[in-house]
Amino acid sequence: MSLMDAPAYDASSDRRNRNIILTVGVIILVFIVLFFVGRIAGHGYLFTDLPAEHRVSNFFNALEARDYAKAYGIYNNDPHWQQHPQKYSDYPLARFTDDWTAHSPINAPITSHHVDVSSPDGSGFFGTGIIVAVRVNGNHKVFMYVNRADGTMTWPAPHILVY
């Protein structure tokens, strides 16, 4: 093919290619920004800790409502725990209720809460679990650990977040 046989300039093809390149660039830029903004905001890379934060918030909502059976189900990630209570004989509902009333981390009834921040914990980039910092009754910090593998919670968390 010689220069004289070159195809005619196609402006629509050139515009389409430019738009594709710009779109891919914008998508990559948004991904990079979300990747770091989520971590800086305290919700994990790409905001991956938000589901765990939501679970912890639901847990404290149940405690505020004094619905300890529901809170126990959220804590063990088993909403139907009452159908097989023998599975939880090591930590029964009575002990759980006592732990979150008479021996609660704040030594007072839980009346309000706010999920502050979260951070991955454990091995791997996203961690094997998530530590969620919750401010209870306005000024008490409680750190809950949410296991990524099975969704169960643990208190106290193995580490304390500094924020």
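Fair warning: this is a prediction, and the values are worked out from it, not measured in the lab.
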Name every donor-acceptor pair, under 3.5 Å, that has one atom in a side chain of residues 45-54 and the other anywhere in the protein, sequence neighbours excluded.
residue	atom	partner	partner atom	Å
Thr48	OG1	Tyr45	O	3.0
Asp49	OD1	Arg148	NH2	3.1
Asp49	OD2	Ser118	OG	3.2
Glu53	OE1	His43	ND1	2.9
Glu53	OE2	His43	ND1	2.8
Glu53	OE2	Ser118	OG	2.5
His54	NE2	Asn58	ND2	3.3

query: Rounded to the nearest 0.5 Å, how far apart are OG of Ser119 and CD1 of Ile160?
result: 13.5 Å
task: Check whether any side-chain heavy atom of Arg66 lies under 4.5 Å from a side-chain heavy atom of Pro109, and answer yes or no.
output: yes
Single-linkage hydrophobic cluster Tyr68~Ile106, side-chain heavy atoms < 4.5 angstrom: yes
statement: Arg135 meets the salt bridge (charged side-chain N to carboxylate O under 4.0 Å, His left out) criterion, sequence neighbours left out, with Asp116
Check residues 87-96 and write down every donor-acceptor pair under 3.5 Å in which the side-chain atom is one partner and the other belongs to a residue at least two apart or another chain.
residue	atom	partner	partner atom	Å
Tyr88	OH	Asp78	OD2	2.6
Ser89	OG	Gln86	O	3.3
Tyr91	OH	Asp99	OD2	2.8

field: Any pair counted as ring pair (Phe, Tyr, Trp, His ring centres under 6.0 Å), so long as it reaches residues 132-153, sequence neighbours left out
entry: none
task: With rounding to the nearest 0.5 Å, note down the distance linking CG in Asn19 to OG in Ser12.
output: 11.0 Å
message: Tell me whether the count of non-hydrogen atoms from other residues, nucleotides or ligands lying under 6.0 Å of NE2 in His80 goes above 12.
response: no
task: Please lay out, stage by stage, how Thr152 and Asn77 fare under the test side chain to side chain donor-acceptor pair (under 3.5 Å).
output: CA-CA 5 Å; Thr152 59; Asn77 195 27; over 6 Å; no
message: So, taking the atom named CD in Glu64 and the one named CG in Asn137, what distance separates them when rounded to the nearest 0.5 Å?
response: 8.0 Å
query: If you take all heavy atoms of Gly151 and Arg55, which pair is closest and at what distance?
result: O-NH2, 2.7 Å
query: His113 and Val134: which non-hydrogen atoms are nearest, and at how many Å?
result: CB-CG1, 3.9 Å
message: Would you say Val117 ends up clustered with Val146 if hydrophobic residues are merged whenever their side chains have heavy atoms under 4.5 Å apart, either directly or through other cluster members?
response: no
message: Can a donor-acceptor pair be found, under 3.5 Å and without considering hydrogens, that links the side chain of Trp81 to the backbone of Ala69?
response: yes
field: For Arg39, salt bridge (charged side-chain N to carboxylate O under 4.0 Å, His left out) partners two or more places apart
entry: none
- request: Decide yes or no on side chain to side chain contact (heavy atoms under 4.5 Å, CB included) for Thr154 and Asn147, but give the supporting numbers first.
  value: CA-CA 8 Å; Thr154 305; Asn147 189 334; over 6 Å; no
Partners passing salt bridge (charged side-chain N to carboxylate O under 4.0 Å, His left out) against Asp98 (at least two apart in sequence or in another chain): none
message: More than 12 heavy atoms of other residues, nucleotides or ligands under 6.0 Å from CG of Leu34: yes or no?
response: yes
field: Point-to-point distance, once rounded to the nearest 0.5 Å, from CG of Leu63 to OG1 of Thr111
entry: 11.5 Å
query: Applying the 4.5 Å side-chain criterion to the ILVMFWY set and letting contacts propagate, would Val115 and Ile131 be lumped into a single cluster?
result: no
Criterion side chain to side chain contact (heavy atoms under 4.5 Å, CB included) on Phe60 and Met144, from CA distance to verdict: CA-CA 11 Å; Phe60 278 97; Met144 300 293 295; 3.9 Å; yes
task: Please answer: with hydrophobic residues joined when any side-chain heavy atoms are less than 4.5 Å apart, are Leu22 and Ile28 in the same cluster?
output: no
- prompt: Same cluster for Val37 and Val26 if Ile/Leu/Val/Met/Phe/Trp/Tyr side chains link at under 4.5 Å?
  reply: yes
